Amino acid sequence: TQLLEQSPQFLSIQEGENLTVYCNSSSVFSSLQWYRQEPGEGPVLLVTVVTGGEVKKLKRLTFQFGDARKDSSLHITAAQPGDTGLYLCAAKAQGGSEKLVFGKGTKLTVNP
Amino acid sequence: GAVVSQHPSWVICKSGTSVKIECRSLDFQATTMFWYRQFPKQSLMLMATSNEGSKATYEQGVEKDKFLINHASLTLSTLTVTSAHPEDSSFYICSARGDRSQSYEQYFGPGTRLTVT
C-alpha cells in the first residue's frame, strides 16, 4: 500500500511568516499534485509536479518535487490569512491507475 | 473551464431512506468520474471509480449494494446512498477526469454534505 505522509498535520502561524509543508513516501511517483481545500468545499488543484527536482512557483507558493520523485514540499512565503485551509498532496496509484491517493493533509491557520 | 458541480450541496435525511447525489462536468466530457468521502478533519478516501457506460469499480470495504453508482452519460454520474444510517453521514465529493486537452487532470466538485438523522 502506498502512503503519502504529510507533515506537519496542523500549523498555526502569524501573518507574514514563512512555512513549509512536506509530503513524503517510500514509493516513486510519476507525478504529484498539491490541492487546497476550504471547509465545506472540494479540493482545488494548485499544481502538478512531474520531473524529479522540479520547482514550480505560484505567486508566494513554491512547490518542489524531490530528485527521486518520492517526496515533495510546499513553501509559502509571507503567509496571509487567505492562505488558511487544508493542504493536501496526492499522487496516482501505482500500475498506471487513474486513482488518486491522498495524504492526510496539513491544516494551516494564518492568524492576522 | 473544467467545472464540476454537485447537487445537492447538502441534504438531511432520515435513517432508512435513500439519497441520490449528482455529479456533473459542466464544460467538458468525462468518461471517468470518482467518488470520495471525507470525514471531519480527515483526508479524502476514494470510494469508487465510475466509468461511463459500464459498472463502477469499488474500493475494498465499500459496499456496492449500499452505494449505487450510475454513470449514464459523459457529463453525469450519480451516487445513491441506499438505506442510509447515521454512520453514513459524511462529506461526499466527486471528481471528473478531463481528457487530453485538460491533461487528464481530475477536477473536483464542491462536495455534498449528507446528514442522516
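Every value quoted in this text rests on a predicted model; they were computed, and no experiment measured them. Letters A, B, ... are given to chains in the order of the sequence lines, protein chains preceding strands, and every chain is numbered from 1. Quick note: numbers below take in every heavy atom, side chains included, and nothing from hydrogens, waters or symmetry partners.
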B/Phe28 and A/Val44: same hydrophobic cluster, using ILVMFWY side-chain contacts below 4.5 Å? no
Which atoms of B/Leu44 come close to chain A, meaning under 4.5 Å heavy atom to heavy atom: side chain ones, backbone ones, both, or neither? both
Decide whether B/Phe34 and B/Met47 are clustered together by the hydrophobic rule: side chain heavy atoms of Ile, Leu, Val, Met, Phe, Trp, Tyr closer than 4.5 Å, transitively. no
Do the side chains of B/Val11 and B/Leu79 join up, straight or via other hydrophobic residues, at under 4.5 Å, putting them in one cluster? yes
Please determine whether residues B/Val4 and B/Leu76 belong to a single hydrophobic cluster, defined as Ile, Leu, Val, Met, Phe, Trp and Tyr linked transitively by side-chain heavy-atom distances below 4.5 Å. no
Could you pull out all residues at least two apart from B/Pro40 that satisfy side-chain contact (heavy atoms from CB on, under 4.5 Å)? none
Report the donor-acceptor contacts between chain B and chain A below 3.5 Å as a table, one pair per row.
residue	atom	partner	partner atom	Å
B/Gln38	OE1	A/Gln37	NE2	2.8
B/Gln38	NE2	A/Gln37	OE1	2.9
B/Ser43	OG	A/Gly103	O	2.4
B/Glu59	OE1	A/Lys99	NZ	3.3
B/Glu59	OE2	A/Lys99	NZ	3.0
B/Glu105	OE1	A/Gln33	NE2	2.4
B/Glu105	OE2	A/Thr48	OG1	2.9
B/Gln106	NE2	A/Glu98	O	2.9
B/Pro110	O	A/Gly42	N	3.3

Side chain, backbone, both or neither: which part of A/Leu86 has an atom under 4.5 Å from a heavy atom of chain B? side chain
Does A/Leu88 belong to the same Ile/Leu/Val/Met/Phe/Trp/Tyr cluster as B/Met45, with side-chain heavy atoms less than 4.5 Å apart forming each link? no
Taking atom CZ of B/Phe108 and atom CG of A/Leu100, what is their separation to the nearest 0.5 Å? 5.5 Å
